[in-house]
Amino acid sequence: MSDTQSQEAVTFLNETTAEFRNEMGELVEKYYSDEYFDEIGGPEAVVHQVVPDLAWREWFNGAMIPARQMHYVFEQGDPYYRDRDIIVGLSEQIRDEIKHANTLANISRRFGVDMDFAQWDQWLDEDVAEALVAQHQAAMAPDYEGPQYSAVGMQCSTEIIAVHTLHRMAEYMEPSYPNAADQMREIANDEDDHVHVGRMIVERFSTPEDIPVLREITETKRERIENMLRTRYERTMDE
């Protein structure tokens with residue numbers, strides 16, 4: 001990729017990640033407000049109703065998508081030389097995400113939620129489950145072949161909202177359950193590394209012709225994230 005091509009990708013990434021940080025922060029403040037958390041029943045209810053699907057996202061978005069991206073890098077890139085840093089970064093992300101999912105699952109278990117990722121439909125509301133799957137499919141970008149497409153659908157978008165979500169939940173949980181809050185913040189601290197890996201992928205694998213497609217994927221992902229948050233919020237506040 002030429003310097004000009006790379007610069008187009010950098011400009012797109014800078015604009016997109018800045019927009020996501022602002023917009024996702026606003027969405028989390030709106031839909032994960034103290035009023036909403038109080039309405040569902042306080043800190044214990046947050047663990048019962050919100051932490052399990054966050055654990056699901058860490059596993060299925062966080063670990064499964066990088067595994068698919070590694071496949072593309074081996075097919076389309078240079079995994080042993082030029083793209084070795086991407087392979088290492090994706091491997092580290094998979095390690096982190098499985099740890100995150102298990103940490104959140106353990107928090108849930110302490111509050112009586114029998115977490116089992118292989119039987120996840122048993123502990124998720126049907127509407128929320130459908131919204132989670134839709135969000136995951138948007139992140140996978142199944143209609144496109146290449147690691148850059150899912151990078152904007154996941155590392156450069158999902159990871160950003162994960163940071164906002166974890167910090168907001170930790171803020172709410174802190175007075176009652178400081179240990180759980182600390183664990184959530186520790187998870188959030190890893191997410192910037194994952195955004196960085198996504199940026200490397202987009203810069204190295206995308207072409208100028210990809211930019212409109214990448215932008216469309218981020219817009220779809222933005223809509224799916226908002227729908228997932230709004231679904232839970234409206235179902236609770238309208239009751």
Side-chain angles (χ1 to χ4, degrees), residues 1-2 4-28 31 53-54 56-77 83 86-87 89-90 93-94 96-97 128-165 191-231:
M1 178 180 292
S2 70
T4 301
Q5 290 175 319
S6 179
Q7 187 55 49
E8 289 192 41
V10 170
T11 299
F12 161 75
L13 284 167
N14 289 343
E15 293 173 352
T16 298
T17 53
E19 290 170 2
F20 249 90
R21 290 186 194 283
N22 291 332
E23 294 176 17
M24 296 302 104
E26 291 173 0
L27 286 177
V28 168
Y31 292 122
D53 67 60
L54 185 58
W56 188 95
R57 293 202 300 273
E58 291 291 316
W59 190 290
F60 281 88
N61 284 350
M64 299 300 100
I65 293 175
R68 187 168 186 252
Q69 289 171 320
M70 290 176 72
H71 168 76
Y72 283 132
V73 174
F74 272 89
E75 279 194 335
Q76 302 175 11
D83 301 321
I86 290 177
I87 292 296
L90 290 171
Q93 180 173 354
I94 292 170
D96 292 343
E97 302 288 8
V128 174
E130 290 179 359
L132 280 169
V133 171
Q135 184 199 130
H136 178 70
Q137 290 172 339
M140 289 284 283
D143 296 332
Y144 302 98
E145 299 288 326
Q148 68 271 35
Y149 304 107
S150 50
V152 298
M154 198 274 283
Q155 282 104 338
C156 299
S157 55
T158 300
E159 298 290 359
I160 292 172
I161 192 171
V163 172
H164 287 293
T165 300
E191 307 297 7
D192 280 342
D193 290 338
H194 307 161
V195 176
H196 177 67
V197 173
R199 289 183 62 100
M200 286 197 299
I201 291 171
V202 174
E203 290 177 26
R204 207 168 294 170
F205 283 85
S206 63
T207 67
E209 291 74 25
D210 283 330
I211 301 302
V213 175
L214 299 179
R215 196 176 302 281
E216 181 180 344
I217 292 171
T218 60
E219 290 300 322
T220 299
K221 189 60 185 293
R222 182 182 287 109
E223 292 171 4
R224 299 286 172 86
I225 289 172
E226 181 171 8
N227 178 61
M228 185 196 66
L229 294 171
R230 186 176 60 246
T231 295

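Values below: every heavy atom of this structure, side chains too, minus hydrogens, waters and symmetry copies. Since we're looking at a predicted model, the values are computed, not measured.
Pairing each heavy atom of Gly62 with each of Glu97, the nearest pair is O-CG, 3.2 Å. Heavy-atom minimum distance, Ile65 versus Asn61: CB-O, 3.4 Å. Counting all heavy atoms, side chain and backbone alike, Tyr72 lies closest to Tyr144 at OH-O, 3.7 Å. Of all non-hydrogen atoms in Ala151 and Val202, the two that sit nearest each other are CB-CG2, 3.7 Å. What you find for Glu58 and Ala162 is that their closest heavy atoms are OE2-CB, 4.2 Å. The two residues Ala9 and Ile211 come nearest to each other via the heavy atoms CA-CD1, 4.2 Å.
By the 6.0 Å contact criterion, CD on Glu216 is open, its count of non-hydrogen atoms from other residues, nucleotides or ligands being 12 or less.
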| request: Go through His194 and Val163 one step at a time and tell me if the side-chain contact (heavy atoms from CB on, under 4.5 Å) criterion holds. | output: CA-CA 11 Å; His194 307 161; Val163 172; over 6 Å; no
| request: Please test Phe12 against Thr218 for side-chain contact (heavy atoms from CB on, under 4.5 Å), starting from the C-alpha separation and ending with a verdict. | output: CA-CA 11 Å; Phe12 161 75; Thr218 60; 4.2 Å; yes
| task | Applying side-chain contact (heavy atoms from CB on, under 4.5 Å), run through Phe60 and Val133 and close with a yes or a no. | result | CA-CA 9 Å; Phe60 281 88; Val133 171; over 6 Å; no
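In this structure Glu23 satisfies the side chain to side chain contact (heavy atoms under 4.5 Å, CB included) test together with Glu19, Arg222, sequence neighbours excluded. With sequence neighbours left out, Tyr31 forms a ring pair (Phe, Tyr, Trp, His ring centres under 6.0 Å) with Tyr233.
Contact check for Ile94 versus Met70: side-chain heavy atoms found under the 4.5 Å cut-off. Counting heavy atoms from C-beta outward, Gln155 and Met200 have side chains that stay 4.5 Å or more apart. The shortest side-chain heavy-atom distance between Asn14 and Arg199 falls under the 4.5 Å cut-off. At least one side-chain heavy atom of Ile225 sits less than 4.5 Å from a side-chain heavy atom of Phe20. Using a 4.5 Å heavy-atom cutoff, the side chains of Asp143 and Tyr149 are not in contact.
Summarising the geometry, atom CZ belonging to Phe74 is positioned 10.0 Å from atom CG belonging to Asp83; distances are rounded to the nearest 0.5 Å. Summarising the geometry, atom CG belonging to Leu90 is positioned 4.5 Å from atom CD1 belonging to Ile201; distances are rounded to the nearest 0.5 Å. With rounding to the nearest 0.5 angstrom, the OG atom of Ser157 is 11.5 Å from the CZ atom of Arg21. If you take CG on Leu27 and CG on Asn22, they are separated by 11.0 Å, rounding to the nearest 0.5 Å. Separating the CZ atom in Arg57 from the CE atom in Met154 is a distance of 13.0 Å, to the nearest 0.5 Å. Taking CD1 from Ile217 and OG1 from Thr16, the interatomic distance works out to 11.0 Å, rounded to the nearest 0.5 Å.
Of the listed residues (His196, Glu191, Gln69, Glu159), just one forms a side-chain hydrogen bond (donor to acceptor under 3.5 Å, both in side chains) with Gln93, and that residue is Glu159.
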